[in-house]
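Numbered from 1 within each chain, the chains take letters A, B, ... in sequence-line order.
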Amino acid sequence: MRGVLGGVVLLCCLPALAQEGASAPAPSSTPQTVTVTSTRDPVDKSYRKMIRGMERFEREHALAPQATLRFRLLPRLPTVNMRGITLKVVGDHVTLPVPVSDDNGFMLPRNEQALREDAAVIANRKTTSMTWRAQVVTPGLPPNTRRLGDLRLECLVGVEAGLVSNSSPLFGWIANALNSPEQVCGSPDGNFLFFAERPLFSVTLRAGARSEILPFRMLYAGGEQTRDMLPYCDCQVMLDRTYYAPIWDRSWPDDTLVSIETMDEAPAEATP
Amino acid sequence: MKLVSLFVAGLLLAGCAAQTPQPGTVVAADRFTQLIVPGRTTRAELQAAFGDTKSVTFDSGYEARVYAAAAGGGRSEELVVLLDREGIVRKLRRRPAYPTDPQR
């Protein structure tokens, strides 16, 4: 299914197919046309993989027992218009509309036919113009606060669902083949990026009496991204919202609170 | 074969000698927090007093800069400033060294 060209496909180069069967009409000098109802692209998100991500969420729900899962679309290119996005699941013979909320969140319906047909999840924007993420949120947390177990589950689901695209187009498939959810989410070198809702200045972990501010190297994609590198990072236009969380470090329990101080909060005094 | 062994030994020694780089230019923490006043200090003043360091500039025009201060035990404290698009220090924060930090 993948890689089918969109629009109208001319079949004049396939005479063998046109002559198949005794009752087939004689070849005509007029080119035959077939109308393809949707456009598929190799970078489209796989419905099967996203469903596998949802199944992963169910299996690992203990990381975030009160949380719910949905997916979220975020801007990746500076030019992308994030308003009015529509989404659908498209297979060979099935099309399912997917409602998108005002904050570009959505949940996928489970559909056996779409699974069989290896359907794609397609937006009315170029797939690579957006960053796709799983969002796992425990209700009732204070503003600008996340829970570490939620982030752990976001990583596992996001990688399982094939949402992350942080590599160059040439080597991306190799990197993906080598990076299982366990490898990415269980290692300090996994480099799984999280995005705050607004530009951030500081991130603090709190678990019981223990409290630590994340080092600078865990903010802004490590602070190492050059202009040339940014197009290969799905943090491209969200660098100031980007952070790593120590999801691999089990000395921080799942109930650890991750507090985010944003750039636009009132200026704070220096904290010793 | 001897050359290869020497080369490998050299690499190993170099690895042992290598240290984790400082997060930014090393400064005196007290002087830094006395001189840098959010809402008042300019980029030029920051630059004149403490020089270049590791920084990240964002599409918004804001810039985050990080400096380091010795904290004892081979560890260092971080001092982070946020400059707004007018080049005024908007925020300043200190991150102390934690026991779990790698030693330098």
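Atom CG of A:Leu239 and atom OH of B:Tyr62 lie 15.5 Å apart (nearest 0.5 Å).
Checked by atom type and distance alone, the side chain of B:Lys91 pairs as donor or acceptor with a backbone atom of A:Thr262 at under 3.5 Å. A donor-acceptor contact shorter than 3.5 Å is absent between the side chain of B:Glu78 and the backbone of A:Pro215.
Smallest separation of non-hydrogen atoms from A:Gly223 and B:Lys54: O-CE, 3.8 Å. Counting all heavy atoms, side chain and backbone alike, A:Asp240 lies closest to B:Ser60 at OD2-OG, 4.1 Å. A:Glu212 and B:Thr100 get closest at one heavy-atom pair: OE2-OG1, 3.2 Å.
The part of A:Leu214 that comes within reach of chain B is its backbone (N, CA, C, O), which places non-hydrogen atoms under 4.5 angstrom from that chain. For chain B, no part of A:Thr226 is nearby; none of its heavy atoms comes within less than 4.5 Å. In this structure, chain B has no heavy atom under 4.5 Å from any part of A:Arg241. Only the side chain of A:Tyr220 comes within contact range of chain B, with heavy atoms under 4.5 Å apart.
Within a 6.0 Å sphere centred on CD of A:Gln66, other residues, nucleotides and ligands contribute 12 heavy atoms or fewer.
Two residues are said to be in side-chain contact when any heavy atoms from C-beta on lie closer than 4.5 Å; A:Ile213 and B:Pro96 meet this criterion. Residues A:Pro78 and B:Asp59 are not in side-chain contact: their nearest non-hydrogen atoms beyond the backbone lie 4.5 Å or more apart. Proximity of A:Met263 to B:Phe58: side-chain heavy atoms (C-beta onward) are separated by under 4.5 Å at one or more points.
B:Arg90 has no carboxylate O lying under 4.0 Å from a charged side-chain N of A:Glu265, or vice versa, which leaves the two without a salt bridge.
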Intermediate values then yes/no, side chain to side chain contact (heavy atoms under 4.5 Å, CB included), A:Ser202 and B:Val80: CA-CA 9 Å; A:Ser202 182; B:Val80 181; over 6 Å; no

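For the pair B:Arg93 and A:Phe201, the cation-pi test (distance below 6.0 Å, angle within 45°) is passed.
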